[in-house]
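Below, read A as the first sequence line, B as the second, and so on, with proteins coming before strands; counting in each chain starts at 1. Quick caveat, the model's predicted, so the values are computed rather than measured.
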Number of protein chains: 2
Amino acid sequence: MAQHATVLDSVFHALSDPTRRAVLSRLGAGPASISDLAAPFDMALPSFMKHIRHLEQTGWISTRKAGRVRTCTLETGQFDLVEGWLDEQRRVWEGRTDRLEQFVTGRTSNPHKNTAHINRKADS
Amino acid sequence: MAQHATVLDSVFHALSDPTRRAVLSRLGAGPASISDLAAPFDMALPSFMKHIRHLEQTGWISTRKAGRVRTCTLETGQFDLVEGWLDEQRRVWEGRTDRLEQFVTGRTSNPHKNTAHINRKADS
DNA sequence: CGCATGCTGAGCCATGAGGCTAAGTTACGC
DNA sequence: GCGTAACTTAGCCTCATGGCTCAGCATGCG
């Protein structure tokens, strides 16, 4: 977990901006060009481009230039990364609930995390 | 979702820092005091406190002071918020996949420009 | 060819995040 | 009641973020 910490930093930070989240939502419906994506936003193109570049660098989208048009495509893999982290946290928390039960019936040792085995994959 | 836009901003931003994520992980194992939480980090207490306050203001934790010790507790509700956004994105994306299948079988003629029904709104 | 279109690069600016030290304040413990 | 432990407040510093403008460059169209 400590290793992908920096990856998670950028992945989560990318999501902390409404413009970028909106772009991801829109790209969920299919690829689109830069100016197409930028149209709904009241923002200068260079500013918008920074968001696009940010999303690309953090792996949320991929882009390809054809002629003078750059087309952006959603990369769905990052969703799994986020969900993986969520699952991991839930696992710890649910483990705590178990230990709490144990505590009620009898004293346990100092709770040190035991997240050694991580199983991500539990979607609806 | 439009209302949550700013909430999601702060919720995701809170996760974009490794210190804060580590605190959440640790709190998953049960409540802890400030100095207890701060111990693993090579950071001055006031700096660490900013993270704590950040987490509290964004709803990730709640704190309570008893005597001179402040105890922090994980608030698990925000996990659902994040997961809700993820599900929403997946739904859009999977809807696209459906349309793509329909397109292959010649049912529709919707190119990838069709995003009208998507909840775009971002915020402004 | 010449001009519009669609990005791209360079550089500036304001704000906020995240770190620090130093100096309180408020309980405990002796 | 004095000292120490555990925050807390105040103030400062630096760098990253997110916005802007003003060009520039490549491509497509008439």
Side-chain angles (χ1 to χ4, degrees), chain A residues 2 5-27 31-73, chain B residues 5-24 26-27 30-73 111-113 115 122-124:
Chain A
T6 53
V7 175
L8 285 176
D9 285 2
S10 56
V11 163
F12 278 124
H13 181 252
L15 295 183
S16 71
D17 186 286
T19 301
R20 289 193 288 263
R21 284 200 310 278
V23 166
L24 292 183
S25 279
R26 178 126 175 190
L27 285 181
S33 72
I34 298 281
S35 49
D36 214 21
L37 287 171
F41 302 99
D42 190 20
M43 185 185 295
L45 242 202
S47 309
F48 185 78
M49 281 296 295
K50 282 194 185 178
H51 288 298
I52 295 294
R53 220 166 290 130
H54 199 325
L55 285 172
E56 188 174 16
Q57 283 172 357
T58 56
W60 280 103
I61 67 173
S62 64
T63 78
R64 168 184 310 202
K65 189 153 190 177
R68 55 184 168 173
V69 176
R70 180 173 294 275
T71 302
C72 305
T73 309
Chain B
T6 52
V7 175
L8 284 176
D9 284 1
S10 56
V11 163
F12 279 124
H13 182 251
L15 295 182
S16 71
D17 186 284
T19 301
R20 288 192 290 262
R21 282 200 310 281
V23 166
L24 291 183
R26 179 124 177 190
L27 285 181
S33 71
I34 298 279
S35 49
D36 213 20
L37 287 170
F41 302 98
D42 191 18
M43 184 186 297
L45 242 201
S47 310
F48 184 78
M49 281 296 295
K50 282 195 184 176
H51 289 297
I52 295 294
R53 220 166 289 130
H54 199 325
L55 285 172
E56 188 175 15
Q57 283 171 358
T58 56
W60 279 105
I61 67 173
S62 64
T63 77
R64 168 186 309 206
K65 191 153 188 176
R68 55 182 170 174
V69 176
R70 179 173 294 276
T71 302
C72 306
T73 309
H112 52 258
K113 264 281 193 80
T115 61
D123 76 354
S124 7

Interatomic distance where CZ belongs to A/Arg70 and C1' belongs to C/dG9 [whole Å]: 13 Å
Interatomic distance where NE2 belongs to B/His13 and P belongs to C/dG18 [whole Å]: 4 Å
Terminal axis angle for the helix from C/dC1-D/dG30 to C/dC30-D/dG1, five pairs an end, nearest 10 degrees: 20°
Positive for side chain to side chain contact (heavy atoms under 4.5 Å, CB included) with A/Cys72, one of A/Leu55, A/Val23, A/Leu37, A/Asp36: A/Leu37
Are there any protein N/O atoms within less than 3.5 Å of an N/O atom in nucleotides 21-26 of chain D, and if so, which ones and at what distance?
none

Below 4.0 Å: OP1/OP2 of D/dT8 and any side-chain N or O of B/Lys65: yes
Modelled atom types, side-chain donor and acceptor of B/Thr63 and B/Arg70, under 3.5 Å: yes
Between P of C/dA17 and CG of A/Asp17, the distance in whole Å: 13 Å
Side-chain N or O of B/Ser35 closer than 4.0 Å to phosphate OP1/OP2 of D/dA5: no
Distance, rounded to the nearest Å, where A/Arg64 contributes CZ and C/dG6 contributes C1': 18 Å
Expected output: side-chain A/Arg20 to main-chain A/Leu15 donor-acceptor under 3.5 Å: no
Contact list for DNA chain D against residues 48-61 of chain B - heavy-atom distance below 4.0 Å: B/Met49
